[in-house]
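For the numbers below, each heavy atom of this structure counts, side chains included, while hydrogens, waters and symmetry mates do not.
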There are 2 protein chains.
Amino acid sequence: MAEHSHDHAASGHDDAPDHDHGHDHTHDHGSAPAKLTRNQTLVYGALSRAGGPLTAYTILDQLRDDGFRAPLQVYRALEKLVEFGMVHRLESLNAFVACSHPQCVDHETMAFAICEACGSVSEFADAAITRQLKGWAGNNGFALAKTTIELRGTCRSCQAAV
Amino acid sequence: MAEHSHDHAASGHDDAPDHDHGHDHTHDHGSAPAKLTRNQTLVYGALSRAGGPLTAYTILDQLRDDGFRAPLQVYRALEKLVEFGMVHRLESLNAFVACSHPQCVDHETMAFAICEACGSVSEFADAAITRQLKGWAGNNGFALAKTTIELRGTCRSCQAAV
DNA sequence: TCAGAGTTGTAATGTTATAACAAGAATTGC
DNA sequence: GCAATTCTTGTTATAACATTACAACTCTGA
């Protein structure tokens with residue numbers, strides 16, 4: 001797949017995320033729980049360490065030593081992590097990436113710019129786009145549940161490296 | 001999958017498209033050729049008839065009687081049709097849909113609203129969104145090649161049918 | 001301790017997509 | 001016409017991505 005350089009990356013902890021800092025807020029729209037399960041922690045750790053998109057099967061391979069044997073172990077963890085807003089699925093890549101946004105930013109209308117040369121992904125939110133899409137939905141009586149916005153192209157550094 | 005009601009639908013021809021009306025324009029950015037091959041015609045016909053998204057394997061099944069035996073026959077035709085701008089790939093569905101726009105509208109920045117209840121797809125273009133995305137790309141030195149915008153939710157008629 | 005809910009392990013299978021290779025048509029230049 | 005080239009096709013096999021089904025385990029609260 002290539003190098004990946006995600007904005008996220010390791011910011012101190014090379015291991016699993018420090019998921020247990022107390023606040024047990026209970027608004028149920030998909031926010032992170034107080035505590036992740038072992039498998040969820042392992043999968044999230046793999047994605048954080050990678051700093052870029054990984055496929056479920058790549059994650060599986062990386063977690064063999066931790067006892068992972070079957071795809072479903074990965075997919076189940078990913079499902080929850082996506083639900084929690086900690087991980088995003090990149091539809092055009094059939095891959096998953098750790099969310100690079102600190103706190104509870106929207107999570108429903110993120111956009112991703114995927115470099116086809118190096119595989120890096122930049123995650124961003126654009127209020128105008130969000131507004132525009134919600135506007136279309138409103139005008140057309142469409143009850144919006146989730147939005148996928150993915151840009152494919154070549155990132156700045158890969159263009160420079162010509 | 002369910003009913004599908006694509007804006008496109010049959011507008012006179014129930015059969016393969018009338019791909020041979022003379023004009024041999026030669027701007028090579030992915031416009032339709034003067035003539036499609038047999039397989040391309042069959043695949044495009046299946047998508048037009050369906051009036052909504054089909055997976056490659058569904059198309060394959062529909063074309064058994066026409067001599068199709070292997071997925072590759074479908075994928076190869078789809079690849080060309082997408083290149084020509086006559087078909088779009090829906091990433092979040094792993095499916096394909098005939099383009100519902102008459103002529104050479106952008107084709108690079110279409111958006112799709114997919115009803116999760118009935119499977120219908122509405123294709124639309126929004127200049128403001130396009131502008132906004134190109135703006136982000138410009139500001140971030142990202143050379144934009146292709147954009148995927150897919151809305152998931154419930155269409156007006158499916159909401160009404162509660 | 002028991003019931004229930006959620007999580008896990010595992011095998012099998014389903015679905016989507018491509019690689020590799022051989023052969024068949026169409027186009028071009030002569 | 002007839003090569004040479006190029007594009008398209010057919011076919012087999014395989015890779016890559018994802019889910020169903022079922023049994024067992026673990027945690028929590030009454």
Side-chain angles (χ1 to χ4, degrees), chain A residues 1-2 16 19-20 24 26 28 30 32-44 46-47 53-84 87-97 119 148 150, chain B residues 1 16 19-20 24 26 28 30 32-44 46-47 53-84 86-97 119 148 150:
Chain A
M1 227 177 216
H19 48 65
D20 205 39
D24 50 320
T26 329
D28 54 351
K35 191 165 172 10
L36 297 177
T37 68
R38 169 181 154 83
N39 285 4
Q40 287 160 14
T41 303
L42 286 166
V43 168
Y44 185 76
L47 282 173
L54 297 178
T55 69
Y57 279 75
T58 302
I59 295 172
L60 175 58
D61 285 340
Q62 294 191 5
L63 297 179
R64 296 271 179 206
D65 294 343
D66 295 293
F68 274 53
R69 314 292 328 225
L72 208 50
Q73 296 176 282
V74 177
Y75 281 109
R76 286 203 274 230
L78 285 171
E79 184 183 18
K80 289 296 183 183
L81 291 167
V82 168
E83 198 179 309
F84 299 155
V87 165
H88 298 287
R89 178 190 174 95
L90 299 176
E91 301 286 354
S92 70
L93 237 40
N94 291 328
F96 301 83
V97 68
T148 297
E150 298 180 16
Chain B
M1 230 180 212
H19 48 65
D20 207 37
D24 49 319
T26 327
D28 54 351
K35 191 167 175 3
L36 297 177
T37 68
R38 170 181 153 82
N39 285 4
Q40 288 160 14
T41 303
L42 287 166
V43 168
Y44 186 76
L47 282 172
L54 297 178
T55 69
Y57 279 76
T58 303
I59 295 172
L60 175 57
D61 285 340
Q62 294 191 6
L63 297 179
R64 295 270 180 210
D65 294 343
D66 295 292
F68 274 54
R69 314 292 328 230
L72 210 49
Q73 296 176 281
V74 178
Y75 281 109
R76 287 203 272 230
L78 286 171
E79 185 184 16
K80 289 295 182 186
L81 292 167
V82 167
E83 199 178 308
F84 300 155
M86 301 174 66
V87 165
H88 297 286
R89 178 189 173 95
L90 299 175
E91 300 286 355
S92 70
L93 237 40
N94 291 329
F96 301 83
V97 68
T148 299
E150 298 180 15

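Separating the CD1 atom of I59(A) from the P atom of dA18(D) is a distance of 11 Å, rounded to the nearest angstrom. When the P atom of dT15(C) is taken as reference, atom CG of L54(B) falls 15 Å away, rounded to whole Å. Between R64(A) atom CZ and dG9(C) atom C1' the separation is 13 Å, expressed in whole Å. Taking atom CG on L60(A) and atom C1' on dA18(D), their separation rounds to 12 Å, with Å as the unit. Here the C1' atom of nucleotide dG10(D) and the CG atom of D66(B) are 15 Å apart, to the nearest Å.
In this structure, Q40(A) and T37(A) have side chains that are in contact, with non-hydrogen atoms separated by less than 4.5 Å. Residues L78(B) and L47(B) are in side-chain contact: their nearest non-hydrogen atoms beyond the backbone lie under 4.5 Å apart.
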Atom pairs under 3.5 Å, N or O on each side, protein against nucleotides 16-26 of chain C: can you list them with distances?
unit_1: dA17(C); atom_1: OP1; unit_2: R89(B); atom_2: NH1; d: 3.2
unit_1: dA17(C); atom_1: OP1; unit_2: R89(B); atom_2: NH2; d: 2.2
unit_1: dA17(C); atom_1: OP2; unit_2: Y75(B); atom_2: OH; d: 2.8
unit_1: dA17(C); atom_1: O5'; unit_2: Y75(B); atom_2: OH; d: 3.3
unit_1: dA17(C); atom_1: N7; unit_2: Y57(B); atom_2: OH; d: 2.6
unit_1: dA17(C); atom_1: N6; unit_2: Y57(B); atom_2: OH; d: 3.2

Shorter than 3.5 Å, N or O on both sides, protein versus nucleotides 6-8 of chain D: list them out with atom names.
none

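Atom CG of N94(B) sits about 9.0 Å away from atom OG1 of T55(B), to the nearest 0.5 Å. One distance of note links CZ of F96(A) with OG1 of T58(A); it measures 11.0 Å at 0.5 Å rounding. Rounding to the nearest 0.5 Å gives a distance of 6.0 Å between CG of L81(A) and CG of L36(A). Taken from OH in Y57(B) to OH in Y75(B), the straight-line distance is 5.0 Å, to the nearest 0.5 Å.
The salt bridge (charged side-chain N to carboxylate O under 4.0 Å, His left out) search around E150(A) returns none, not counting sequence neighbours. Not counting sequence neighbours, R76(B) has no partner by the salt bridge (charged side-chain N to carboxylate O under 4.0 Å, His left out) test.
One finds no side-chain N or O of Q73(B) lying less than 4.0 angstrom from the OP1 or OP2 phosphate oxygen of dT9(D).
In terms of heavy-atom proximity, L54(A) sits nearest to A46(A) at CD1-O, 3.8 Å. When every heavy atom of P53(B) is checked against every heavy atom of V97(B), the shortest pair comes out as N-CG2, 4.0 Å.
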For residues 63-73 of chain B, dump all side-chain donor-acceptor pairs below 3.5 Å to protein atoms at least two apart in sequence or in another chain.
unit_1: R64(B); atom_1: NH1; unit_2: R69(B); atom_2: O; d: 3.4
unit_1: R64(B); atom_1: NH2; unit_2: D61(B); atom_2: OD1; d: 3.4
unit_1: Q73(B); atom_1: OE1; unit_2: R69(B); atom_2: N; d: 2.6
unit_1: Q73(B); atom_1: OE1; unit_2: A70(B); atom_2: N; d: 2.8

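Rounded to 10 degrees, the angle between the two end axes of the helix from dT1(C)-dA30(D) to dC30(C)-dG1(D) is 30°, with five pairs used at each end.
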